[in-house]
Every structure is written in C-alpha cells, then in structure tokens.
Amino acid sequence: MRVVIQRVTASRVAIGGETVGQIGRGLNLLVAIAATDTEAELQWMARKCLDLRLFPDPAAANPRFDLSVTEIGGELLVISQFTLYGDGRKGRRPSFDRSAAPDRAESLYDRFVELLRASGLRVETGRFGAMMQVQIDNDGPVTLILDS
C-alpha cells in the first residue's frame with residue numbers, strides 16, 4: 001500500500017465539474033493498493049495516517065510537528081490513485097503490474113476508508129475508478145510518501 005499524505009488547509013475533488021468531496025484543515029490522502037496488500041497493511045496505514053504528527057501546536061514556544069490529524073480534530077479527503085504504483089523505468093508507457101486488480105483494489109480501498117471513519121473524524125472521498133479533478137491547498141508544503 002502506498003499513500004501520498006499532504007497536510008492541507010483545504011482540499012476538494014470534483015467529477016465532471018461537480019464537487020463530490022471537500023474538506024477544510026486536515027489531510028489529503030492519495031491511495032494506491034498493491035496486489036499483495038492485506039487487512040494488516042490497511043490497519044497499519046490507517047493508524048499511521050491518523051497518528052502521524054504533522055501539525056504544529058500553536059501553544060508551543062517553538063511550533064513544529066507536534067500534533068496528529070486526530071489531535072486537531074482535522075478532516076480527511078481520501079482519493080484512490082492506482083498510478084502511484086506506475087513504473088516508468090522501461091519504455092515510454094508506465095507499467096502498473098504492482099497495482100491490485102480493480103475489483104480487489106476497490107474492496108480494500110473501501111475498507112481503508114471504513115477504518116479511517118472509525119476514528120470519528122470527517123472523511124470524504126472521491127469515486128473509485130472515476131476521472132477526478134483534485135484541488136489540494138497544501139499547507140507548508142508538507143508532503144510524505146508512506147509505504148506499508
């Protein structure tokens with residue numbers, strides 16, 4: 001499983017000009033499911049995304065990465081993006097051999113979203129497999145790539 005995690009002031013996803021998901025302060029998660037992923041990877045990644053300290057504590061004398069999205073009561077926008085497993089080392093067309101098959105990937109993606117929602121935070125999504133336009137107002141900028 002691979003997730004590009006971005007701290008945002010706001011983020012939204014649209015399909016055909018219609019907004020289908022939108023958040024304020026929190027995290028934008030671009031998610032790819034690998035062919036080998038299991039429930040264990042989903043649980044680990046959900047916990048990591050919720051607990052990773054990426055937000056400054058305004059009360060701290062020297063604010064740095066002190067608080068998690070859970071601790072600030074932030075929001076999450078979760079977007080499926082199988083292209084994160086694209087391998088462009090050979091030829092001119094990327095290979096997506098490491099990505100899970102669409103049916104399996106959708107099921108695992110839905111489970112990942114379910115695990116995040118269990119936190120009680122507001123979780124918005126795009127639409128699996130759709131062509132989406134994602135607007136990300138990256139805060140910092142803070143961007144990390146997480147692999148399970």
Side-chain angles (χ1 to χ4, degrees), residues 1-15 17-89 94-100 104-148:
M1 184 170 194
R2 180 169 290 159
V3 175
V4 175
I5 183 170
Q6 296 175 301
R7 186 177 75 189
V8 299
T9 55
S11 188
R12 68 184 279 272
V13 59
I15 299 172
E18 176 188 344
T19 298
V20 296
Q22 185 170 344
I23 64 166
R25 185 174 186 220
L27 299 175
N28 190 94
L29 306 178
L30 303 174
V31 178
I33 306 294
T36 56
D37 284 339
T38 66
E39 177 75 15
E41 282 83 18
L42 299 176
Q43 289 185 17
W44 181 88
M45 188 64 77
R47 184 60 21 223
K48 182 60 79 172
C49 290
L50 292 168
D51 291 344
L52 200 58
R53 293 180 175 183
L54 296 175
F55 295 88
D57 181 352
N62 184 15
R64 54 185 199 279
F65 298 124
D66 293 322
L67 302 172
S68 69
V69 69
T70 303
E71 292 169 317
I72 68 157
E75 300 174 338
L76 300 160
L77 180 59
V78 186
I79 307 294
S80 63
Q81 189 173 349
F82 80 96
T83 61
L84 292 175
Y85 277 119
D87 183 352
R89 292 177 291 178
S95 167
F96 299 101
D97 291 345
R98 291 187 56 203
S99 297
R104 184 162 187 278
E106 184 173 12
S107 173
L108 292 174
Y109 167 81
D110 289 344
R111 174 67 179 138
F112 178 65
V113 170
E114 182 181 300
L115 290 167
L116 293 171
R117 285 189 170 134
S119 71
L121 296 179
R122 180 169 173 241
V123 179
E124 295 282 315
T125 66
R127 190 172 303 137
F128 189 91
M131 290 295 292
M132 297 174 274
Q133 296 75 48
V134 183
Q135 181 180 347
I136 302 167
D137 296 335
N138 197 313
D139 181 24
V142 174
T143 301
L144 294 166
I145 300 171
L146 303 177
D147 284 302
S148 62

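Heavy-atom basis, side chains included; hydrogens, waters and symmetry copies ignored.
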Quiz item: Which residues satisfy the salt bridge (Lys or Arg N to Asp or Glu O under 4.0 Å) test with Asp110, sequence neighbours excluded?
Solution: none

Quiz item: In chain order, what residues pass the salt bridge (Lys or Arg N to Asp or Glu O under 4.0 Å) check against Arg12, with sequence neighbours excluded?
Solution: none

Quiz item: Between Val134 and Asn28, does a side chain to side chain contact (heavy atoms under 4.5 Å, CB included) hold up when you go through it step by step?
Solution: CA-CA 10 Å; Val134 183; Asn28 190 94; 4.1 Å; yes

Quiz item: In this structure, are over 12 heavy atoms from other groups packed under 6.0 Å from Arg127 atom CZ?
Solution: no

Quiz item: Residues two or more places apart in sequence or in another chain: which of them pass ring-ring contact (aromatic ring centres under 6.0 Å, His included) with Phe82?
Solution: Phe96

Shortest non-hydrogen separation from [X] to [Y] and the atoms involved:
X: Val3; Y: Met45; result: CG2-CG, 3.6 Å
X: Val20; Y: Glu124; result: O-OE1, 4.0 Å
X: Arg98; Y: Arg2; result: NH1-NH2, 3.8 Å
X: Val69; Y: Gly26; result: CG2-CA, 4.1 Å
X: Phe112; Y: Cys49; result: CZ-SG, 4.3 Å

Measuring from atom [atom1] of [X] to atom [atom2] of [Y], what distance do you get when rounded to the nearest 0.5 angstrom?
X: Tyr109; Y: Leu42; atom1: OH; atom2: CG; result: 12.5 Å
X: Leu27; Y: Leu52; atom1: CG; atom2: CG; result: 8.5 Å
X: Leu30; Y: Ile5; atom1: CG; atom2: CD1; result: 10.0 Å
X: Thr143; Y: Ile136; atom1: OG1; atom2: CD1; result: 8.0 Å

Self-check item: Note: Arg117-Glu114 ion pair, threshold 4.0 Å (strictly below)
Solution: no

Quiz item: Between Arg53 and Asp66, is there a side-chain N and carboxylate O pair less than 4.0 Å apart?
Solution: no

Backbone N/O of [Y] and side chain of [X]: donor-acceptor pair under 3.5 Å:
X: Arg7; Y: Val142; value: no
X: Arg104; Y: Ala35; value: yes
X: Ser11; Y: Gln135; value: yes

Exercise. Tell me, please, which residues at least two apart from Asp37 pass side chain to side chain contact (heavy atoms under 4.5 Å, CB included).
Key: Met1, Ile33, Ala34, Glu41, Leu108, Ser148

Quiz item: With Ala59, which residues qualify under side chain to side chain contact (heavy atoms under 4.5 Å, CB included), at least two apart?
Solution: Asp57

Quiz prompt | Min side-chain heavy-atom separation Ser80-Met132 under 4.5 Å | solution = yes

What donor-acceptor contacts under 3.5 angstrom involve side-chain atoms of residues 71-78, with partners at least two apart or in another chain?
residue, atom, partner, partner atom, Å
Glu71, OE1, Ser68, N, 2.7
Glu71, OE1, Ser68, OG, 3.4
Glu75, OE1, Gly24, N, 2.5
Glu75, OE1, Arg122, NH1, 3.2
Glu75, OE2, Arg122, NH1, 3.2

Self-check item: The single option from Val31, Leu84, Leu29 passing side chain to side chain contact (heavy atoms under 4.5 Å, CB included) against Val4
Solution: Leu84

Exercise. Evaluate the side chain to side chain contact (heavy atoms under 4.5 Å, CB included) criterion for residues Thr70 and Leu121: first the C-alpha distance (whole Å), next the side-chain angles of each, then the deciding distance (0.1 Å), finally the verdict.
Key: CA-CA 7 Å; Thr70 303; Leu121 296 179; 4.1 Å; yes

